[in-house]
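Written out below as structure tokens is the structure these notes cover.
As a basis for the values below, the full set of heavy atoms in this structure was taken, side chains included, without hydrogen atoms, waters or symmetry mates.
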Amino acid sequence: MTAGPVPRGTIYDLGYEGYDGPRQGRRYAVWSLYVLSLRSAFGLGRGALPKVLAFGLVTVALIPALIQVIIAAIGPEEDFSFVQPHEYYDFIQVVIILFTAALASDLVGSDRRFGTLVLYFSRPIRWADYGAAKLAALATGLFAVTLLPQTLMFFGNWLGAADAWRWAETNAVDFAPIVGSGLMISVTFAAVGLLTATYAARRAFAIISVLALFLIPFIVVEAITDISDDAKYAAFASPVHVMRSFTLVLFNEVPAIDLPWGVFILAAFAYAAAAAALLLTRLRNSV
């Protein structure tokens, strides 16, 4: 009986080499995560559906501003406003909620679903860095829905005014509230949306959860306040109502709820701070 061929081992030189280049460090890692998250939010580098969803919602949010700019450009000599700055977010509040739900589910849900968090934390990045980068990315994305339309409408009205100097003197005071309300809404909705999305493993469940957190309190508060004028404190259970009242206060308009104006400012900052803190705590405990 002859012996079979003797098996032989083979050594492959795969050419692995150590990295001798510059080390960018933690700050660069956080910035890279922010840029990657922002690109992902708008579907850049992904399929057609995320792009259509994100840019489609931005386009819908821009429609009232575009109508106002067209009216200012071709309308009569006297100033005419299709929508007032303090009313703009009432026109697009559903768009803001949909945008938040769609993007929040992608920004944190995919990392948890595919188990990529361990890869992030294998680099010089901490859980607080991860949360801050994701929060900044979603808030920046929301600027396209909040600040961009209002800014377009402001400068469109200015350029289309019969007397641009007089219009600027009269309406320049609105620009700071436009920026302030847009920033507050973006940060608050981003923090609340991301916090909610971290509790759902599947994308569909995350979207439904974020929508429910915004829409159910809104509907309940609307029903309660229509029935009784004494239920004004119920409005603080709805982030949409808090942001609406905060916006009206910034524009020196009277909120629908009869309370001191400082209460709405404190409530808005409390919502943003509490949601951001709970988000970071949730991420720390889930690592």
Spell out, yes or no, whether [X] and [Y] are grouped together once hydrophobic residues are joined by side-chain heavy atoms under 4.5 Å, including indirect joins.
| X | Y | result |
| --- | --- | --- |
| L66 | Y89 | yes |
| F55 | I207 | yes |
| L211 | V60 | yes |
| Y130 | V187 | no |
| L248 | L250 | no |

- Which residue pairs pass the ring-ring contact (aromatic ring centres under 6.0 Å, His included) test with at least one member in residues 177-212, sequence neighbours excluded? F189-F214
What distance separates [X] [atom1] from [Y] [atom2], expressed to the nearest 0.5 Å?
| X | Y | atom1 | atom2 | result |
| --- | --- | --- | --- | --- |
| I178 | Y88 | CD1 | OH | 10.5 Å |
| Q93 | M243 | CD | CE | 12.5 Å |
| L103 | L194 | CG | CG | 9.5 Å |
| R202 | I208 | CZ | CD1 | 12.0 Å |
| T196 | R282 | OG1 | CZ | 11.0 Å |
| T146 | L183 | OG1 | CG | 7.5 Å |

Check [X] against [Y] and note the closest heavy-atom contact, atom names and distance.
| X | Y | answer |
| --- | --- | --- |
| A275 | A191 | CB-CB, 3.6 Å |
| L98 | L57 | C-CD1, 4.0 Å |
| L152 | A65 | CD2-CB, 4.3 Å |
| A276 | L135 | CB-CD2, 4.2 Å |
| L283 | T198 | CD2-CG2, 4.3 Å |
| A197 | V210 | N-CG2, 4.2 Å |

Which residues pass the ring-ring contact (aromatic ring centres under 6.0 Å, His included) test with [X], not counting sequence neighbours?
| X | value |
| --- | --- |
| Y34 | W31 |
| F175 | F154, F155 |
| F246 | none |

- Message: The criterion is side-chain contact (heavy atoms from CB on, under 4.5 Å); which residues satisfy it with I216, sequence neighbours excluded?
- Response: A212, V220
- Residues at least two apart in sequence or cross-chain that pass side-chain contact (heavy atoms from CB on, under 4.5 Å) with S245, listed by chain then number, are P255, I257, F264
With a 4.5 Å heavy-atom cut-off, do [X] and [Y] have their side chains touching?
| X | Y | answer |
| --- | --- | --- |
| F236 | H241 | no |
| L148 | L62 | yes |
| I97 | V240 | yes |

With sequence neighbours excluded, residues passing side chain to side chain donor-acceptor pair (under 3.5 Å) with [X]:
| X | result |
| --- | --- |
| D90 | R244 |
| Y271 | none |
| H86 | none |
| S181 | none |

- Message: Run the side-chain contact (heavy atoms from CB on, under 4.5 Å) test on V249 and I265 for me, step by step, so that the C-alpha distance in whole Å, both residues' side-chain angles and the decisive distance to 0.1 Å come before the verdict.
- Response: CA-CA 8 Å; V249 167; I265 296 177; 4.0 Å; yes
- Message: If we ignore hydrogens and angles and just use 3.5 Å, is the side chain of Q150 paired with the main-chain N or O of P85 as donor and acceptor?
- Response: yes
For residues 36-43, run the donor-acceptor check on the side chains, cut-off 3.5 Å, and write out each pair with its distance to 0.1 Å, sequence neighbours left out.
| from | atom 1 | to | atom 2 | distance (Å) |
| --- | --- | --- | --- | --- |
| S37 | OG | L33 | O | 2.7 |
| S37 | OG | K134 | NZ | 3.1 |

- Taking atom CH2 of W261 as the centre, report whether more than 12 heavy atoms of other residues, nucleotides or ligands fall under 6.0 Å from it. yes
- Item | salt bridge (charged side-chain N to carboxylate O under 4.0 Å, His left out) against D129, all qualifying residues, sequence neighbours excluded | R26
